[in-house]
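Below is one structure, written out as structure tokens, with a few remarks after it.
Numbers restart at 1 for each chain; the letters A, B, ... are given by sequence-line order, proteins then strands. FYI, side chains are in, hydrogens and waters are out, and symmetry mates aren't considered; it's all heavy atoms of this structure.
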Number of protein chains: 2
Amino acid sequence: MVADGTRSRDILEAARTLFAERGYLGTSMKDIAAVLGIRAPSLYNHVGSKQDLLRAIMVDTMEALIAIHEEAVAVSEDPAEQLRAAVGAHVRYQATHAHDVKIANAEIWHLDEPARSQVRDLRRRYARAWRDIVDRGVQEGRFRTPPTQLATFTLMGMGVSLGNWATSETGLTDEELVEQYAELAVSLVLQPVAG
Amino acid sequence: MVADGTRSRDILEAARTLFAERGYLGTSMKDIAAVLGIRAPSLYNHVGSKQDLLRAIMVDTMEALIAIHEEAVAVSEDPAEQLRAAVGAHVRYQATHAHDVKIANAEIWHLDEPARSQVRDLRRRYARAWRDIVDRGVQEGRFRTPPTQLATFTLMGMGVSLGNWATSETGLTDEELVEQYAELAVSLVLQPVAG
DNA sequence: CCTACCGATCGGTAGG
DNA sequence: CCTACCGATCGGTAGG
């Protein structure tokens, strides 16, 4: 159990912030309760366990990423357009849900089974969806040939660096960020290598 | 104190593996000792504290990254060549020291002051060195104009995805990986955007 | 929503 | 290198 009203959503929101900043193990139920101004045991009236919070965040995030990816890909039949849209959706999600994406990437090991396998499967599904766009672009002669896989990984890494290296001091709005990354992405796969 | 002989290196090596897999907080001194077949208190004959292990790993890693970067950049005056060399060195280090890089990226928050500020400074220095290459390439008219900053972040993210998304199932040797990423990198900044 | 409390585990020390 | 042990903190329960 993890959802039973607004109180439960507040707990999840506090958990999101703290898990992202200090990590799952670095966050205690007491820390989460403190954000809401209550005591740790009171949390258990709303959530089943600390694991439930982590599971809800990770599963929801991966499912949301897959959903917005599929939506983005549906905008066109052209692989280049699909790529632009997919990168846009990916970066936009990362900009608006930075905490969740960080948690989803960092806390796989602290997620108990069977949820861990479930999230791993969702990850694989997401990676495959990206790979499919690039592969099809190559097959149709629109993208340059290998290294397809490395290009795919690089594309999926776009925006991650924002949380890793930048202090978000780019001076760009989220939408500018989204557009510029999308352009960068197509330029990565669209053109032949120059000597 | 963190180094006093081979025993100390063995402890550091065990810590590297465990910190990377389970995280700093997810690893106990008992876990580390178990790898060496001894009891947790015995570790304190060789290392000062658990924090010392984390600090040694993170500081050494960032200093090594900066050192190989400077060495790589020195190969040429041409920004494109420098970029190729820098990406090569970066990806090569990530392939051969995957654990350390993961720790350096993930455990900043669990590193106590003043080491945390020290590592943050090293990070900034490393990021600035990358930025400098890209900036100079743009100034000299060899690279396409902005988004310079996003391109830099993307370049620095190359290879990270290997640990994040791939199960290292690319079927490439480390050196092939290095070369292909380097080519990908120059293609990212070298050419004008296509409509 | 609270206090009181549980068993387990943690990093680290004492003392040999 | 060990055993024995410390104070602190953890997730979670009981019982109201």
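Between B/I11 atom CD1 and C/dG12 atom P there is a gap of 13 Å when expressed in whole angstrom units. As a whole-Å value, the separation of B/D31 CG from C/dG11 C1' is 12 Å. Distance CG (B/L25) to P (C/dT9): 17 Å, rounded to an integer number of Å.
Within 6.0 Å of atom CD in A/E113, more than 12 heavy atoms from other residues, nucleotides or ligands are found, so the atom counts as buried in its surroundings.
Using a 4.0 Å cut-off, no side-chain N or O of B/R39 falls inside it from OP1 or OP2 of D/dC1.
When distances run from any side-chain atom of A/I38 to the nucleotides D/dC1, C/dC2, D/dG12, the shortest one goes to C/dC2. When distances are taken from the side chain of A/P41 to each of D/dC1, D/dG11, C/dT3, the shortest belongs to C/dT3. You'll find that the side chain of A/N45 is closest to C/dC1, out of C/dC1, D/dG12, C/dG11. For B/S28, the side-chain atoms get nearest to C/dC10 when compared with the rest of C/dC1, C/dC10, D/dC2. Among D/dG11, C/dG12, D/dC1, the nucleotide with an atom closest to any side-chain atom of A/Y44 is D/dG11. For B/S42, whose side chain is taken as the heavy atoms from C-beta onward, the closest listed nucleotide among C/dC1, D/dC1, D/dG11 is D/dC1.
Between B/E107 and B/K102, no side-chain nitrogen of the basic residue sits less than 4.0 Å from a carboxylate oxygen of the acidic one, so the salt-bridge criterion is not met. Ion pairing of B/R92 with B/D174 is absent here, as no side-chain N (NZ or NE/NH1/NH2) approaches a carboxylate O to less than 4.0 Å.
Across all strands shown, C/dC1 is found opposite D/dG16 as a Watson-Crick or G-U wobble partner, with both distances under 3.5 Å. D/dA8 is paired with C/dT9 under the Watson-Crick or G-U wobble criterion, all donor-acceptor distances under 3.5 Å.
Residues B/S28 and B/D31 have side chains that bring a donor and an acceptor to within less than 3.5 angstrom of each other.
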